[in-house]
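Working notes, structure below.
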Amino acid sequence: MSSELTEALSNPGPHTVDSLAEKLPHFSTSVIRDALEALAAQGVLERIEEPDQQPAYQLVAPERYAQINLDVVKDPAARFKNRVR
């Protein structure tokens, strides 16, 4: 995980899309929103609904993170590079 991403997520939250977008300027808000929703669906984050505000996300179960041992960026063609011809 990049140091920028590690630093942004070192605080367990709650985080909003906008608060993370300030810390992660190289990621679009739509990508951040999708990632937070995916982590909430895995049970890693809890989505907190507050009236008249955007949803916030709180870290509740980091052990549920299914992709913890995967690289942040994967080469989608890697599985085809070592094929026998």
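Every value quoted in this text rests on a predicted model; they were computed, and no experiment measured them.
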Practice item. Side-chain contact test, heavy atoms from C-beta onward, threshold under 4.5 Å: evaluate it for L36 versus L20 and give yes or no. Key: yes
**Study point:** Straight-line distance of D34 CG to S28 OG, nearest 0.5 Å
**Key:** 8.0 Å
Check your understanding: Going by heavy atoms in the side chains, are E37 and R47 under 4.5 Å from each other?
Key -> yes
Review point. Which residues satisfy the salt bridge (charged side-chain N to carboxylate O under 4.0 Å, His left out) test with E46, sequence neighbours excluded?
Key: none
Practice item. Begin from the C-alpha positions of L45 and V60 and carry the test side chain to side chain contact (heavy atoms under 4.5 Å, CB included) through to its verdict. Key: CA-CA 5 Å; L45 301 177; V60 291; 5.7 Å; no
Point to revise | Atom of I48, atom of P14 and distance for their closest heavy-atom approach | key: CD1-CB, 4.2 Å
Exercise for review: Can you sort out the partners of E22 under salt bridge (charged side-chain N to carboxylate O under 4.0 Å, His left out), two or more places apart, ordered by chain and number?
Suggested key: none
Practice item. Report the residues that fulfil side chain to side chain donor-acceptor pair (under 3.5 Å) with D18, sequence neighbours left out, ordered by chain and then residue number. Key: Q54
Review point. Looking at side-chain heavy atoms only, is the closest gap between K23 and H15 below 4.5 Å?
Key: yes
Review point. What closest approach, in Å, do I32 and A21 show between heavy atoms, and which atom pair accounts for it?
Key: CD1-CA, 3.6 Å
